[in-house]
Amino acid sequence: MDYLNQLNESQRNAVVSTEGPVMVIAGAGSGKTRVLTYRIAHLIAKGVDPFSILSLTFTNKAAQEMKERIGKIVGYSDSRNIWMGTFHSVFARILRSEAEKIGYPSNFTIYDTQDAKNLIKTILKEQGLDEKVYKPGLVLNRISTAKNNLISPQAYATNTTIQSEDIQSAKPKLGLVYQIYSDRCFKSGAMDFDDLLYKTNVLLRDFPDVLYKYQHRFKYVLVDEYQDTNFSQYVIVKKLVAVYQNVCVVGDDAQSIYAFRGANIQNILNFEKDYPEVKTFKLEQNYRSTKNIVNAANSIIENNKDQIKKNVYTDNEVGEKIKVYKAATDNEEGKMIANLIYDTQLSKQAKNSHFAILYRTNAQSRAMEESLRRKNIPYKIYGGLSFYQRKEVKDLLSYFRMVINPKDEEALKRIINYPARGIGNTTIDKLTITANNNETDIWNVINNLNKFNTGLNTGAQTKIGEFVAMISSFVTQLKTKNAFDLGNEIAATSGLLKDLYTDRTPEGISRYENIQELLNGLKEFTETENELEEDVTPRGLAEFIQDVALLTNADDEKVEDRDKVTLMTIHSAKGLEFPYVYIVGLEENLFPSQMALSSRVDLEEERRLFYVAITRAEKEVALSFASSRYKWGNLIFCEPSRFIEEINEEHLEMMFSVQSPVLSRQ
DNA sequence: GTATTATCTAAGTCT
DNA sequence: TAGATAATAC
């Protein structure tokens, strides 16, 4: 057990206290991942069955890396059997195997945000509600919040507080929309992201045998980034560990940055109340960053009222001060950062992968991207429009989805007339109305056209018949063909490939290439063996599509991306570290975001976000702001962020001479 | 029913 | 600025 010698005392205590509830409060860079990794390895070394360990991580990539490291210690045959992944992916897997109990097919579709918004738009139209009042994004947020707090549509409609809020905001029909939205998802055999947690709760609540099974299966449960769990996740964990109480949560209240998505810091603050027997360990020594960085970060977080007091310190060298740069415009800022990276690479002999540019919003990436490209510095961008969200990719994926689950209404609507086959909006509207009137799904209607009174002419009926025949033939091939072969077949037979090929504009060519890339991905997927079981059947399309919706920003890294400068939002950077970090766009109304200025709670979350950004750095941090920036095509003027002032000035070095009204106060 | 053009409006963060 | 939707012509 010589791995125990690689830990400091509090880390070691957190690792070897395997029984009963444990909470680890881990400051930034204090070796949290190391503790989790060794704790699991230690459990296995002690003889715990890997199948009885459940470890919930923040990204699937983190899970992958952790498995790898555990494998190195205890062997891969054991490490591969640990249940490990994000809340969403682990419980999606469990839901698939228990789906019939709650009336869902095991091949249910996972709706992404776009699908969900489209469905909401459809419902708003049907109900004659104004999209300008009921903004789809806001409606979805409202539904999401309800689900994350385990409020059913029925409870929503009868809850007086919620009802008066909705009447106050002139949206009294929100409850109805929520109800219809849930029904429609159910009829389509679809769950959205929040459903994966919500339906897990329903399953564990209504089926004691299922609860019993998983309570006894998962004898040891570990939760990373516990400060970012919401109520729905909290209840799942609480139920699962109720029997053995071997629960270990790791987190840092100072790094809680997901309140907007329902995360509740109280989960960490109340842990000691929920589990009176809890053993709490604090990891306060930072191994990642220089003294300047650690102390600067501490001086920021001191401005927050809500926090667990801790003393994060480091024995590392003092290091360089944090440099602050000013640029005239957002584009100038990009150029300046690219130049700084270029110079630092030369002077410090640093690799591209040692650099990260972090920003508050995805829209800021463009100026950075452009200047890096001009200087021939290789970079990779996380987030923004992911590969799988591009129109052409989503179109082909929608074919896949529909072949696996023909009831998937959003997929059907995307592809029934793409490529154009003469089934227009009027026809689709008639089909939707028929489906609604008969309380069924559109697939059932078009698959049994003669049984329903759709009012369609024979021409439209013939075209629909051809579409149904095509999808049905794909469905038949699902059992015999592997993912790659069937994927190719669908791309060709549907006419999608041909449609894209005829478009010879640069955008058209790029769309065609994206489809090729997706098919290549399918090929690779098909050729990779099944990781878990001794299953030797070829991997099919269903398996492929299951994972796609749940890939996080950090998950789809390619091998050729290894040595590149990283561009990402601060949110995505959570849990990562880089020697040189550039935090850009430090301006009022951008960071902190304009929307966070009105309440202390929101502002404190922005501040924690800034804390997270700075603590990503090992050696050097640079901050920058621009005096003007384009927003919606207009030039707006900007003031430096208040966060710059909040850093203790002994850790700062201003790299510009012009007196700015805000900074001169220092 | 389809293709092209004009107009609008949205960029806050993620699963 | 750019993607999404509405309006228009075919």
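Labels below follow one simple rule: chain letters A, B, ... track the order of the sequence lines, proteins then strands, and each chain is numbered from 1.
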Student check: side-chain heavy atoms of A:Val177 and A:Leu124 closer than 4.5 Å: yes

Base B:dG12 paired with A:Gln364 side chain (donor-acceptor, <3.5 Å): no

Nearest-angstrom distance from the residue atom NZ of A:Lys121 to P of B:dT9: 13 Å

Verdict with reasoning, A:Asn589 to A:Cys638, per side-chain contact (heavy atoms from CB on, under 4.5 Å): CA-CA 8 Å; A:Asn589 297 329; A:Cys638 319; over 6 Å; no

B:dT13 OP1/OP2 closer than 4.0 Å to side-chain N/O of A:Asn362: yes

Sub-4.5 Å side-chain heavy-atom contact between A:Leu138 and A:Tyr134: no

Whole angstrom value for the distance that separates P of B:dA11 from CD1 of A:Ile636: 16 Å

5' precedence on DNA chain B between A:Gly422 and A:Leu550 (nearest-nucleotide basis): A:Gly422

Which nucleotide in B:dT15, B:dT13, B:dA11 has an atom nearest any side-chain atom of A:Arg261: B:dT15

Value rounded to 0.5 Å, distance of OH in A:Tyr104 from CD in A:Glu98: 15.5 Å

Nucleotide range of DNA chain C lying under 4.0 Å from chain A heavy atoms: C:dT1 to C:dT5

Atom pair distance, as rounded to whole Å: CG in A:Asn425 and P in B:dT2: 9 Å

Separation between NZ of A:Lys430 and CD1 of A:Ile428, rounded to the nearest 0.5 Å: 12.5 Å

Residue met sooner reading DNA chain B from 5', once A:Lys631 and A:Thr427 are mapped to nucleotides: A:Thr427

Crowding at CZ, A:Arg374 (>12 non-hydrogen neighbours, <6.0 Å): no

Salt bridge (Lys or Arg N to Asp or Glu O under 4.0 Å), paired with A:Asp115, selected from A:Arg414, A:Lys413, A:Lys394: A:Lys394

Phosphate OP1/OP2 of B:dC14 contacted by A:Ser572 side-chain N/O (<4.0 Å): yes

Sugar-phosphate, base or nothing in reach of A:Tyr258, heavy atoms under 4.0 Å: sugar-phosphate

Sugar-phosphate only, base, or nothing, as touched by A:Glu606 at under 4.0 Å among non-hydrogen atoms: base

Among B:dT9, B:dC14, B:dG12, the one nearest A:Thr361 by side-chain distance: B:dG12

Nucleotide nearest A:Thr113 (side chain, heavy atoms from C-beta), chosen from B:dT2, B:dT13, B:dT15: B:dT15

Between C1' of B:dC14 and CG of A:Asn230, the distance in whole Å: 12 Å

Below 4.0 Å: OP1/OP2 of B:dC14 and any side-chain N or O of A:Thr569: yes

For atom CG of A:Asp602 and atom C1' of B:dT13, their distance in whole Å: 12 Å

Sugar-phosphate, base or nothing in reach of A:Lys132, heavy atoms under 4.0 Å: sugar-phosphate

Atom pair distance, as rounded to whole Å: CG in A:Asp112 and C1' in B:dT15: 10 Å

OP1 or OP2 of B:dG12 under 4.0 Å from side-chain N/O of A:Asn589: no

Side chain of A:His571 - closest among B:dT15, B:dT2, B:dC14: B:dC14

Between B:dG12 (C1') and A:Glu588 (CD): distance, integer Å: 16 Å

Whole-Å distance separating the CG atom of A:Leu609 from the C1' atom of B:dC14: 12 Å

Check: A:Arg360 and A:His571 side chains under 4.5 Å, non-hydrogen atoms: yes

